[in-house]
Amino acid sequence: MRRISVFGATGSIGQSTLDLIGRDREAYHVVALSGGRNIARLARDARSFGAEIAVTAHEELLTDLREALAGSGVEAAAGPAALREAAARPADWVMSAIVGAAGLAPGLKALEQGATLALANKESLVSAGPLLMATARAHGATVLPVDSEHSAIFQALIGEDISAVERVIITASGGPFRDWPVSRLARATLQEALNHPNWVMGQRITIDSASMFNKALEVIEAKEFFGFAPEQIEVLVHPESIVHALVGFRDGALMAHLGAPDMRHAIGFALNWPKRRELPVARPDLAQLGQLRFQRPDEARFPALRLAREVMAAGGLAGAVFNAAKEAALDAFIAGRIGFMDMAGVVERVLAEMSSAGGLDDGAMTLDKVTAADHLARIKAGEAIARAQQQEA
Ligand code: NAD
Ligand code: MG
């Protein structure tokens, strides 16, 4: 039996992961499941999968979790230290599906115990890619991408020599605002940003898709995961979300990965790797689709992509700063404190302030340095958000 843990089990990726595991229960022993405020869901799944331990991220919810698990034999724990401890429990395969930089520390713990890390938590690669990949190497652990685009690239590279790659193309649906003018984007509401045309995902990544911050994170993720040079990574808007990525080789060939927009494909690929097994995902009907369209993204309307290029050029802790400022700006947009286009403004300001103050240090990356840069970036973002609010008033 394979020992499996799922961090962020109550979220969109976590639930899809449990859906797949639940179809073949006898094959898996569930070690740890983690969640946030949805104690009922966490306890339900921990009971039904017979997990060893269930962890909520919130210490104040420990009593609730204990009560919900009473009599089940599942251990209850809470808080960031408990998450790290649970991730250090021996497992063969660990799903990293916490949203945000909070996923980094448990991901590192899982790698340190040698588990194969299925990485949906792109924020940990953006914030600390060199640290994460070096930790995997040092412990002989494998990282498998669970972003649809990166899983697509990974699959297109099977049997290929990576040095023969000229470029990769990551596709973006363009989100709900694909054709909106900037003037209208500035007034976009939370409800409008949550109205994604093709994918059903957690709230935060859905808004990041509308602003293209998700694609910006993914460009950096591709650099950190595969080691491509920034100029090798291109983005194309592809409204149908059927082609997830393409790899261009030096002989001019382009290998594309096509699939329905269903994360169970990328999750299932990582779960079954290096084998392929049947997955409960729709098979694309190309004749019915009729056409697949591609267009260049408009960086004036979606400045996040330009910022990602600046982050890659700066290197060091720029990714951690970028991600943390983005998370703070996203919180402020969700809370109705700033407008949709203000998010990029806040992130740009924080990056500029911290680079001019020498805060993007290029020395050896440690978790402490990443955490400190993340913390300072959130403080600076708070200041930039307050200024943006004043301007609006
Ligand atoms: P979600 O919001 O649906 O779920 C997030 C999970 O993380 C929940 O279990 C929540 O309880 C937990 N969580 C939130 N804050 C936490 C904290 N501070 N500490 C510990 N746990 C915390 O998010 P999602 O859409 O499932 O996305 C999860 C990750 O996968 C993200 O990094 C996202 O970018 C990535 N991803 C998601 C999709 C998708 O289709 N949903 C696709 C590609 C990549
Ligand atoms: Mg993606």
Using modelled atom types and a 3.5 Å cut-off, is there a donor and acceptor pairing between side-chain atoms of [X] and backbone atoms of [Y]?
{"X": "D361", "Y": "G363", "answer": "yes"}
{"X": "R47", "Y": "A68", "answer": "yes"}
{"X": "S34", "Y": "F7", "answer": "no"}
{"X": "S127", "Y": "S124", "answer": "no"}
{"X": "N214", "Y": "I205", "answer": "no"}

Looking only at heavy atoms, which two atoms of I13 and I267 are closest? And how far apart?
->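 In this case the closest contact between I13 and I267 is O-CD1, 3.8 Å.
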
Return the minimal non-hydrogen interatomic distance between A156 and V247, and the atom names on each side.
->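 Shortest heavy-atom contact: CB-CG2, 3.7 Å.
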
Value rounded to 0.5 Å, distance of CD1 in I338 from CD in Q391 =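 So the gap between those two atoms works out to 11.5 Å.
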
Could you give the distance from CD (Q232) to CD (E234), rounded to the nearest 0.5 Å?
->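 These two atoms lie 10.0 Å from each other.
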
Quick test of your reading of the model: are [X] and [Y] salt-bridged, counting only N-O distances below 4.0 Å?
{"X": "R337", "Y": "D342", "answer": "no"}
{"X": "K215", "Y": "E149", "answer": "yes"}
{"X": "E52", "Y": "R3", "answer": "yes"}

For R296, look at atom CZ and say whether over 12 heavy atoms of other residues, nucleotides or ligands are found less than 6.0 Å away.
->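 Counting other residues, nucleotides and ligands, CZ of R296 stays at 12 neighbours or fewer.
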
Min side-chain heavy-atom separation [X]-[Y] under 4.5 Å:
{"X": "D92", "Y": "I4", "result": "no"}
{"X": "V6", "Y": "V30", "result": "no"}
{"X": "L104", "Y": "E123", "result": "no"}
{"X": "R204", "Y": "I334", "result": "yes"}
{"X": "L271", "Y": "R2", "result": "yes"}
{"X": "I153", "Y": "I170", "result": "yes"}
{"X": "L42", "Y": "N38", "result": "no"}
{"X": "L217", "Y": "K326", "result": "yes"}

Among pairs that include at least one residue of residues 311-339, which meet ring pair (Phe, Tyr, Trp, His ring centres under 6.0 Å), considering only residues two or more places apart or in two chains?
->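 For residues 311-339, and leaving out neighbouring residues, the ring pair (Phe, Tyr, Trp, His ring centres under 6.0 Å) pairs sorted by first residue read F213-F322, F333-F340.
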
Identify, with sequence neighbours excluded, every residue that meets side-chain contact (heavy atoms from CB on, under 4.5 Å) alongside [X].
{"X": "V200", "answer": "none"}
{"X": "V143", "answer": "L111, L119, M133, A136, F225"}
{"X": "S12", "answer": "none"}

Salt bridge (Lys or Arg N to Asp or Glu O under 4.0 Å) involving D45 - partner list, sequence neighbours excluded |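 So D45 forms no salt bridge (Lys or Arg N to Asp or Glu O under 4.0 Å) with any residue.
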
Got a sec, which residues hit salt bridge (Lys or Arg N to Asp or Glu O under 4.0 Å) with R250, two or more places apart in sequence or on another chain?
->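 Not a single residue meets the salt bridge (Lys or Arg N to Asp or Glu O under 4.0 Å) criterion with R250.
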
Hydrophobic clusters join Ile, Leu, Val, Met, Phe, Trp and Tyr when side-chain heavy atoms are under 4.5 Å apart, directly or via other members; which others share one with L62?
->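 Members other than L62 - counting any ILVMFWY side chain reachable under 4.5 Å - there are none.
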
Other ILVMFWY residues reachable from L292 by side-chain steps of under 4.5 Å =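 L292 shares its hydrophobic cluster with I169, L236, I242, V243, L246, L254, L258, L286, L289, F294.
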
Scan [range] for pairs that pass salt bridge (charged side-chain N to carboxylate O under 4.0 Å, His left out), counting only residues two or more places apart or in two chains.
{"range": "residues 6-29", "answer": "D19-R23, D19-R264"}
{"range": "residues 271-282", "answer": "none"}
{"range": "residues 30-44", "answer": "R37-E60"}

Intermediate values then yes/no, side-chain contact (heavy atoms from CB on, under 4.5 Å), F177 and E192 = CA-CA 8 Å; F177 304 148; E192 287 166 334; 3.9 Å; yes

is_close_aromatic(W199, H244), centroid dist under 6.0 Å |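 Yes; H244 has its ring centre under 6.0 Å from that of W199.
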
So among T142, V31, T17, L117, which one has a side chain to side chain contact (heavy atoms under 4.5 Å, CB included) with W93?
->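 It is T17, the one option of T142, V31, T17, L117 that forms the side chain to side chain contact (heavy atoms under 4.5 Å, CB included) with W93.
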
If you look only at pairs with a residue in residues 307-319, which of them pass as a side-chain hydrogen bond (donor to acceptor under 3.5 Å, both in side chains), with sequence neighbours excluded?
->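 Listed once each, the pairs are R306-E310.
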
Over 60° means perpendicular and under 30° means parallel, so classify the ring planes of F226 and F228, tilted if in between.
->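 Aromatic pair F228/F226 classed parallel.
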
Kindly indicate, with the supporting measurements, whether the criterion side-chain contact (heavy atoms from CB on, under 4.5 Å) is fulfilled by T171 and E240.
-> CA-CA 10 Å; T171 62; E240 290 81 15; over 6 Å; no

Criterion side-chain hydrogen bond (donor to acceptor under 3.5 Å, both in side chains) on T63 and E67, from CA distance to verdict | CA-CA 6 Å; T63 316; E67 278 169 18; over 6 Å; no

